[in-house]
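Below, read A as the first sequence line, B as the second, and so on, with proteins coming before strands; counting in each chain starts at 1. Since we're looking at a predicted model, the values are computed, not measured.
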2 protein chains.
Amino acid sequence: MNAAPTVYDVAERSGVSIATVSRVYRSPDSVRAATRERVLAAARELGYVPSGNARGLASRSTGVLGLCFPDYSDPDTVGAEDDDAAMLYSDQIIRGMERAARRHGYALLIAASLEGGPENLVAKVAGRVDGFAVLARTVPTEELEVISRRRPVVMLAGPRAQDPSLDHLDHVEVANEDGQYQLTRHLLDDHGLRRLAYVGFAEDSPDVEARFRGFQRACREAGAEVGDRPALRMPMMTRAEGAHAADLLCSGPGERPEAFLFANDQMAVGALQALERRGLRVPDDVVVTGFDGIPLSRLVRPALTTVRQPMVRLGEKAVELLVRRLTGEREADPVSLMLPVGLARRASCGCADEENTASADI
Amino acid sequence: MNAAPTVYDVAERSGVSIATVSRVYRSPDSVRAATRERVLAAARELGYVPSGNARGLASRSTGVLGLCFPDYSDPDTVGAEDDDAAMLYSDQIIRGMERAARRHGYALLIAASLEGGPENLVAKVAGRVDGFAVLARTVPTEELEVISRRRPVVMLAGPRAQDPSLDHLDHVEVANEDGQYQLTRHLLDDHGLRRLAYVGFAEDSPDVEARFRGFQRACREAGAEVGDRPALRMPMMTRAEGAHAADLLCSGPGERPEAFLFANDQMAVGALQALERRGLRVPDDVVVTGFDGIPLSRLVRPALTTVRQPMVRLGEKAVELLVRRLTGEREADPVSLMLPVGLARRASCGCADEENTASADI
DNA sequence: CCCTAGCATGAATGCGCTTTCATTCTCTTC
DNA sequence: GAAGAGAATGAAAGCGCATTCATGCTAGGG
């Protein structure tokens, strides 16, 4: 692991100048074939690997896109809830970004923010990429503002930044409000349900908040009764809490709601299990719906009616926007996209499984 | 997006030399507090973001670790099998590496290899990182050899490199053989089963091959009959194929095996469903086991007895090894680790769920 | 056979930062 | 109050590459 060979070493060994070595890599066609072969041979023998740093410094671009996402992992309970929805989110966005980035010739640099690492990790990442995607409100506004003055930044998920210092940023989100609206209308209109209970936690997350607003709007438009807050508010939105919520809703005072609408699939799955234990049949006795469209939602019995979020596409869109900024339209107006979601009508609301009839194996 | 400010700009604005500006970031304590504040203020006003490239070039280290993983995604069928085991693998390893890397102050640069992007992406990544992890045989031997001459490289999963040019690399794998051995012995010894059918595809993947060897060894040691190849070989190891395999095993000639051992959880889950359709009860009529320990394995009914692979830990181990090479023991002997796997005895083999009794909600 | 256009190559500069090494400042101590 | 030690700062030299400009070279036209 002694000093790595440089262009100088390769140049000397192949009897050319460093400029030619550089050209062999950057624009092979501008070098005579014979020369090129000599250089490549020398490079191979020496074990030459071009320094990305030097290259980036000289050419003022790194060929790397960055992503900052929140770290939801609690090191103590790792593995306890493997399929935590938030993690699945990050995973899918990472996948989408990586794939899209690769298609455009970029690599992807990722770093979760918040605790667990040196504070400056974000700055470090920012200094090493050509463009930068930020998931939710992962990065402090001020820091983000500084970064965005020098590199394209796109904000993912969550609502468009309120802060005026950030309103020049591109932004992509998922139609949470609309998705929950559609799902609710489906229950109201197509299934004729009236007494709906929404379970979520509207405070903390703008996404969940938007979903609840969609629920409210649908109810109001259809003339169904609706409160100004969810029937139940579960802080972690885990499977266990979903089960708990189902129990509460069943044993609570008054008539049992006809449908339980959960703010995510995790809780809905938990509810399914709790209801089964109580001997209640879904969807005959009570309808249950989720939100997110995690793989599990299709596998539980009955299959869960839910709203599918295109997280992979979110990542892809982010890359598209960044690449666009990086090639040309640098000064164009900020873009704000709302990715459409898909309603998955499945058995848990009483629908036949409309999206998956082909694969009869499940 | 005009020319980004540099140390020179910050230095000028705060009336110090560039050396001092640099010190403010690298070793804040070596600068008088008053000076430091002036510099930071100037930096903030200017929107200064240190160039990772320049920093890396000057200090000969990037603070970034890299990971190359295979791209299993088929762009056409994206979403068809969201929870493809191979993808889950990558995701978990990425998660493990990212987390561990962050703890050590590193960011993570990822790039899937193979088709779908410029050929040189691997080289690009290699040139930008301090250390490098390679999943399976993602990178061509020759290329890997060149890279490994200059940076620490650790190979993940799969067997230790056979190629002598790579035998100086660190290596981490999962105890596939041992895991399947233990699981098989459990069925043989604890449950007294004798007629076992193994379903996998031993050719392509060394991991799956190792699992089958574990199965064979257990059978031989216990005096059970065992062939020199799996009872059935499914190329994709999907859920659908698992269901198909179960059907074949049930309707095949001769007595039905007492247990179906699948080389992954996907197939086992498919089998569970196929068996249910056939009216066969698991584990009473037939025992089913999987391999991997994906989240779903715990959620199906009956819960799947399987072998848990510590993929997150694999990623963490990779980082540990890289960091170790990066700090000191550069020339130590190559390390080859075999991460222990865990047997998850659950309902599908007739065991009570021994690992999950606490969370009664599932 | 000479001249010129065009191509292949080389010399030199700078990208933005870190890092000695030398220098200046600031105290402490007698 | 002077001398010295140690802390704070500055000057300057790269780090490894891309790139411009200048130059040598080849080939084609006259």
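- A donor-acceptor contact closer than 3.5 angstrom is absent between the side chains of N53(B) and S51(B).
- DNA chain D is contacted by both I18(B) and T35(B); T35(B) maps to the nucleotide lying nearer its 5′ end (nearest heavy atom per residue).
- T6(B) comes within contact range of the sugar-phosphate backbone alone, with a heavy-atom separation under 4.0 Å but no base atom that close.
- Phosphate contact (OP1/OP2 of dA18(D), side-chain N/O of R26(A), threshold under 4.0 Å): present.
- Here Y25(B) lies out of heavy-atom contact (under 4.0 Å) with every strand.
- Each of R32(A) and V7(A) was assigned the nucleotide of DNA chain D with the nearest heavy atom; the assignment lying further toward the 5' end belongs to V7(A).
- A heavy atom closer than 4.0 Å to some atom of DNA chain D occurs in no member of residues 37-55 of chain B.
- Recorded end-axis angle for the helix from dC1(C)-dG30(D) to dC30(C)-dG1(D) stands at 30°, based on five pairs per end and rounded to 10 degrees.
- Backbone-only engagement by V31(A) is indicated by non-hydrogen atom pairs under 4.0 Å involving sugar-phosphate atoms exclusively.
- Other residues, nucleotides and ligands place more than 12 heavy atoms under 6.0 Å from the CZ atom of R36(B).
- Evaluation of atom-type donor-acceptor distances gives no pair under 3.5 Å for the side chain of Y8(A) against the base of dC15(D).
- No option in D9(B), L40(B), V39(B) other than V39(B) meets the side-chain contact (heavy atoms from CB on, under 4.5 Å) test with V21(B).
- Between dG10(C), dT20(C), dG14(D), one nucleotide has an atom nearer to the side chain of R23(B) than all others, and that is dT20(C).
- Nucleic acid contact class of V21(B) (heavy atoms, under 4.0 Å, all strands): none.
- Remark on DNA chain C: of its neighbouring residues T20(B) and A19(A), the 5'-side contact belongs to A19(A), judged by nearest-heavy-atom nucleotide.
- Checking the phosphate oxygens (OP1, OP2) of dT19(C), no side-chain nitrogen or oxygen of S59(B) falls inside 4.0 Å.
- Here dC15(D) is the nucleotide among dT18(C), dC15(D), dC17(C) with the atom lying nearest to any side-chain atom of L57(B).
- In terms of phosphate contacts, S17(B) brings no side-chain nitrogen or oxygen within less than 4.0 Å of OP1 or OP2 of dA11(D).
- Atom CG in D29(B) sits about 19 Å away from atom P in dG6(D), given to the nearest Å.
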